[in-house]
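These notes are about the structure you will find just below.
Values reported hereafter were calculated over all heavy atoms of this structure, with side chains retained and with hydrogens, waters and symmetry mates removed. It should be emphasised that the depicted structure is a prediction, and the values quoted were computed from it without experimental measurement.
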Amino acid sequence: MQHQQVIENFINKGTGGRGTYVKVGEDVLYSQLPSPYRPYGRYDWGSHGGRRTPLAVRLENESLLVNGARLDGPEANHQADVLNTLQDSHHSRFGVVPFSSIVAAWTDGEVRDWNQKPIPTGNLRREVGIVVPSSGERWREVTEKDKQGQVHTRRVHTLGDSVVRVRDHYYLSAVDETGVGNGMYFFAELLTDRPPASLAEALNFLKPKVVREAEARGANVRRQGEWFAIPTKLVSSELMREVERGVAVYRQRHVLGRDGHHELEEAVIYRAGPRKGEVYARGVLKHTNREHEDLDLGTIRWHLVVHNIQGAAYTLSGGGTMAQFD
């Protein structure tokens, strides 16, 4: 059977099939390469031979969990065929998520590579669900405001933002447009006991109350990764008086969070008083590993900088080969 026919049967009909390399078994569509693997004659591709890679799993409610990891070799072509077939099939419920994200959430971050601890298909079917379906792999336009409030548009690549359930926890699977280049994939736990009804609600679950209130007032709230910057009416003279009083400290190149990578050009950090713990910043917010675009807050207005609300977060940047829990 041709690979494309196997894929179409699995997605559209829920039936099985076996091609040379693409096969169906136990509600999973996978790519299986022979060992030895000699696609061009006498030379053996030793690292590829015998490799089995899951492409999609049919979950209990007939939704599809599709592997969105960056694959290589022939598996990448098989994956592209799956994504293209999904786009054409108008299947109503599927999620495109790197399977390593699923295993990381499943093991509470102890294992971050699907190949190290693949989850049995039966467990995936019972314990994973698609809450908000994906719209598929695509490019989307995002709008951003600069420090003057001017709106700019750029295109980012997305796996198709979705929300999935892993056991009793809900995760937002999406691409952060503040990541360099085409954006950064992230898989963030939503701290909620109920499933979000939409992607917009899931994104709001990540916003602290102070951010939601500022946005409701029409403030130009900006973001880099998990950090929000809210413009305030505080002036430098007021903040410097607090520094002189000893209730706050002034820092340059202050790195946010413990073992963090987001660096503020100028910061005032409150150590005492009713604002204890609050951080105000101006200038450029940079990522020390250059995983996010610089965020220029300007040199006039001070911004209150706050962290989002999330549990464990799994991020994938660059070529998709480096992943970590934040």
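- Between E266 and R282 there is a salt bridge, with a side-chain nitrogen of the basic residue lying less than 4.0 Å from a carboxylate oxygen of the acidic one.
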Margin query: Using the rule given for side chain to side chain contact (heavy atoms under 4.5 Å, CB included), can you reason through V279 versus I269, listing the C-alpha separation, both sets of side-chain angles and the distance that settles it, and then say yes or no?
Written below: CA-CA 5 Å; V279 177; I269 306 104; 4.2 Å; yes

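- At least one side-chain heavy atom of V247 sits less than 4.5 Å from a side-chain heavy atom of Y270.
- Contact between T192 and Y170 at its shortest, heavy atoms only, is O-CD1, 4.0 Å.
- Put simply, CZ on F187 and OG on S162 are 8.0 Å apart, with the number rounded to the nearest 0.5 Å.
- More than 12 heavy-atom neighbours from other residues, nucleotides or ligands sit within 6.0 angstrom of CD on E238.
- Note: E215 CD to I230 CD1 = 8.5 Å, rounded to the nearest 0.5 Å.
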Next item on the list: Kindly indicate, with the supporting measurements, whether the criterion side chain to side chain contact (heavy atoms under 4.5 Å, CB included) is fulfilled by V163 and L172.
Entry: CA-CA 5 Å; V163 178; L172 173 61; 4.1 Å; yes

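- A side chain to side chain contact (heavy atoms under 4.5 Å, CB included) with Q79 is found for one member of V96, L71, N84 and no other, namely L71.
- Residue D168 qualifies as open at atom CG: its count of foreign heavy atoms under 6.0 Å is 12 or below.
- Using a 4.5 Å cut-off on side-chain heavy atoms (C-beta onward), E265 and L297 make no contact.
- When every heavy atom of W114 is checked against every heavy atom of I119, the shortest pair comes out as CH2-N, 3.4 Å.
- T107 places a side-chain N or O within 3.5 Å of a backbone atom of V103 that can act as its donor or acceptor partner.
- Between atom CD of residue Q4 and atom NE2 of residue H78 there is a gap of 10.5 Å, rounded to the nearest 0.5 Å.
- For the pair V268/L234, no side-chain contact is recorded, criterion being any heavy-atom separation below 4.5 Å from C-beta on.
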Note to self: Determine whether V235 and W302 satisfy the following criterion, side chain to side chain contact (heavy atoms under 4.5 Å, CB included), listing intermediate values before the conclusion.
What the structure shows: CA-CA 7 Å; V235 296; W302 289 86; 6.0 Å; no

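- Contact annotation: the side chain of E226 never approaches that of F186 to less than 4.5 Å [non-hydrogen atoms, C-beta and beyond].
- In this structure, P231 and N220 approach most closely via the heavy-atom pair CD-O, 3.5 Å.
- Residue E60 places its CD atom among more than 12 non-hydrogen atoms of other residues, nucleotides or ligands, all under 6.0 Å distant.
- The existence of a salt bridge linking R51 and D72 is confirmed by a sub-4.0 Å separation between a basic side-chain nitrogen and an acidic carboxylate oxygen.
- By the 6.0 Å contact criterion, NZ on K286 is open, its count of non-hydrogen atoms from other residues, nucleotides or ligands being 12 or less.
- Side-chain atoms of Q32 and R52, non-hydrogen and from C-beta on, do get closer than 4.5 Å to each other.
- The shortest side-chain heavy-atom distance between F94 and I130 does not fall under the 4.5 Å cut-off.
- Judged purely by atom type and a 3.5 angstrom limit, T85 has no side-chain atom pairing as donor or acceptor with the backbone of E8.
- The minimum heavy-atom distance linking A174 with Y185 is given by the pair O-CD1, 3.3 Å.
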Note to self: F205 vs R194, test: side chain to side chain contact (heavy atoms under 4.5 Å, CB included). Steps then yes/no.
What the structure shows: CA-CA 11 Å; F205 283 165; R194 65 173 181 84; 3.7 Å; yes

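- A tilted orientation is assigned to the rings of H3 and Y21, their planes being inclined by 30° to 60°.
- In plain terms, the two heavy atoms of V221 and A214 that are nearest each other are CG2-CB, 3.8 Å.
- The distance between the ring centers of H292 and H262 falls below 6.0 angstrom.
- Atom CG of L264 sits about 4.0 Å away from atom CG of L256, to the nearest 0.5 Å.
- Summarising the local packing, CZ of R253 is surrounded by 12 or fewer heavy atoms from other residues, nucleotides or ligands at distances under 6.0 Å.
- At least one side-chain heavy atom of M1 sits under 4.5 Å from a side-chain heavy atom of N9.
- Side-chain atoms of R222 come within 3.5 Å of backbone atoms of D296 as a donor-acceptor pair (strictly under, hydrogens ignored).
- To the nearest 0.5 Å, the span separating OG1 on T178 from CE on M184 amounts to 7.5 Å.
- At distances below 3.5 Å, at least one donor-acceptor pair connects side-chain atoms of H303 with backbone N or O atoms of R301.
- For the atom pair OH (Y171) and CD (Q310), the distance works out to 11.0 Å, reported to the nearest 0.5 Å.
- A donor-acceptor pair is defined here as one N or O able to donate and one able to accept, closer than 3.5 Å; no such pair exists between the side chain of R93 and the backbone of L64.
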